[in-house]
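Shown next, in structure tokens, is the structure this report addresses.
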There are 2 protein chains.
Amino acid sequence: MSDLVTRLRRHNWRITPQRRVIAETLEGSHVHYTADEVLERACERMPEISRATVYNTLNEMVALGEVIELSLQGRSKRYDPNADHDHHHLICDGCGLMKDVHAVADPIEWLPGDERHGFTVTSAAVTYRGLCPDCRAAA
Amino acid sequence: MSDLVTRLRRHNWRITPQRRVIAETLEGSHVHYTADEVLERACERMPEISRATVYNTLNEMVALGEVIELSLQGRSKRYDPNADHDHHHLICDGCGLMKDVHAVADPIEWLPGDERHGFTVTSAAVTYRGLCPDCRAAA
DNA sequence: TCTCACTTTAGACCGCTTCTAAGGTTCGCC
DNA sequence: GGCGAACCTTAGAAGCGGTCTAAAGTGAGA
């Protein structure tokens with residue numbers, strides 16, 4: 001059973017066939033899909049699933065805190081089922097592919113007190129950008 | 001004369017009245033505007049300027065590397081005329097206020113080779129989040 | 001079995017951005 | 001200055017990601 005489904009069930013969330021397919025699609029890969037990519041892959045297993053259901057379901061998973069929503073420059077949102085918040089993201093400037101990466105230091109420590117403008121800083125996300133092997137070969 | 005206009009001129013970029021107004025609007029504030037906010041402010045000085053021109057011009061400035069395009073977790077992109085690429089952003093989770101900050105380390109150095117998944121990594125941006133003094137006081 | 005709350009669906013709708021086609025402006029060159 | 005080519009601006013249409021609506025379907029508990 002999908003681990004994400006287990007986590008969702010704990011919220012007393014009704015696990016319908018549609019929701020199961022969406023959860024398993026999200027979790028089945030180590031890349032982060034857009035909503036439309038999730039829809040496309042879910043359709044392979046359940047052709048009649050609707051766009052609205054995919055959007056609703058993804059938003060509900062985000063609201064439950066079991067999925068993280070990532071919005072990046074000029075592209076569509078992507079969904080990360082990884083509950084471990086201690087990771088960052090690597091994005092291909094060519095095709096938008098997104099992967100998780102683990103850096104070795106905590107970026108909050110890199111920000112000196114006099115650069116904090118009086119803020120209480122609670123989190124730091126690092127976005128690495130570059131070209132994936134496929135896009136580099138195509139260039 | 002606007003410093004951004006000077007920098008743009010160096011690219012052999014034709015400085016039309018519209019482009020000048022847009023550049024000066026961008027640079028005249030320390031806030032990062034959305035395209036529509038730029039349009040609105042440009043219209044105060046040049047009422048007949050068109051939406052397409054604002055969008056085109058902002059995109060061209062970004063392509064020239066003189067303006068940075070930012071997408072916060074919200075809807076529309078914002079434009080940062082600060083050509084110094086060596087800075088990051090601090091965002092208030094309460095009110096959305098965004099400020100530039102300077103960190104002491106280069107995040108790319110903290111990403112081990114075996115976490116790069118074959119990518120050619122060219123840049124890293126850090127987004128710090130927290131609460132600004134006003135929002136902390138209000139909470 | 002009945003009921004009522006929850007879920008799914010198709011398609012309309014919305015906001016931001018880009019594209020298109022037409023007309024205007026500027027520049028180099030003579 | 002006059003000319004032509006390249007460039008720029010414009011209004012409006014179109015595209016796209018995402019949300020909303022209204023109606024139909026589903027299912028757990030009384």
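In what follows, chains carry the letters A, B, and so on, assigned in the order in which the sequence lines appear, proteins first and then strands, with residues in each chain numbered from 1.
In this structure, A:Arg78 atom CZ and D:dG18 atom P are separated by 10 Å, rounded to whole Å. The separation between B:Leu58 atom CG and C:dC16 atom C1' is 13 Å, rounded to whole Å. Residue B:Ile49 contributes atom CD1, which lies 15 Å from atom C1' of C:dT25 at whole-angstrom precision. Atom CD1 of A:Ile15 is separated from atom P of D:dT26 by 18 Å (rounded to the nearest Å). As a whole-Å value, the separation of A:Arg20 CZ from C:dT8 P is 13 Å. A:Tyr55 has its OH atom 19 Å from the P atom of C:dC13, to the nearest Å. In this structure, B:Leu39 atom CG and C:dT17 atom P are separated by 11 Å, rounded to whole Å. When the P atom of C:dG24 is taken as reference, atom CD of B:Glu48 falls 15 Å away, rounded to whole Å.
Residue order along DNA chain D, read from the 5' end via each residue's closest nucleotide, puts B:Glu60 first among B:Glu60 and A:Tyr79.
Nearest to the side chain of B:Arg51, among C:dT9, C:dT17, D:dT9, sits C:dT17. Of the candidates C:dC27, C:dT9, D:dT19, the closest approach to any side-chain atom of A:Gln18 belongs to C:dT9. Side-chain proximity of A:Ala35 to D:dG18, C:dA10, D:dT10: nearest is D:dG18. For A:Arg19, taking side-chain heavy atoms from C-beta onward, the closest of the listed nucleotides D:dT19, C:dT8, D:dT10 is C:dT8. In the set D:dT10, D:dT19, C:dT7, the nucleotide with an atom closest to the side chain of A:Asn59 is D:dT19. Side chain of B:Arg14, nearest nucleotide from C:dC27, C:dT18, D:dG18: C:dC27. Comparing atom distances between the A:Asp36 side chain and each of C:dT9, D:dT19, D:dG17 picks out D:dG17 as nearest.
Within the nucleic acid shown, A:Thr53 comes within 4.0 Å of at least one base atom, counting heavy atoms only.
Within the 3.5 Å criterion, the main-chain N or O of A:Met61 finds no donor-acceptor partner in the side chain of A:Glu66. Remark: the backbone N or O of A:Pro112 is not paired with any side-chain donor or acceptor of A:Glu115 at under 3.5 angstrom. Within the 3.5 Å criterion, the main-chain N or O of B:Thr57 finds no donor-acceptor partner in the side chain of B:Arg19.
In terms of hydrophobic clustering, with Ile, Leu, Val, Met, Phe, Trp and Tyr side chains grouped at heavy-atom distances under 4.5 Å, B:Ile68 and B:Tyr55 are assigned to different clusters.
Listed pair B:Lys77 / C:dT18 meets the phosphate criterion, a side-chain N or O lying under 4.0 Å from OP1 or OP2. Between A:Thr16 and C:dT8 there is a side-chain N or O to OP1 or OP2 distance below 4.0 Å. Proximity of B:Asn56 to the phosphate of D:dT9: no side-chain N or O atom is located under 4.0 Å from OP1 or OP2.
The environment of CH2 in A:Trp110 is crowded: more than 12 heavy-atom neighbours from other residues, nucleotides or ligands sit within 6.0 Å.
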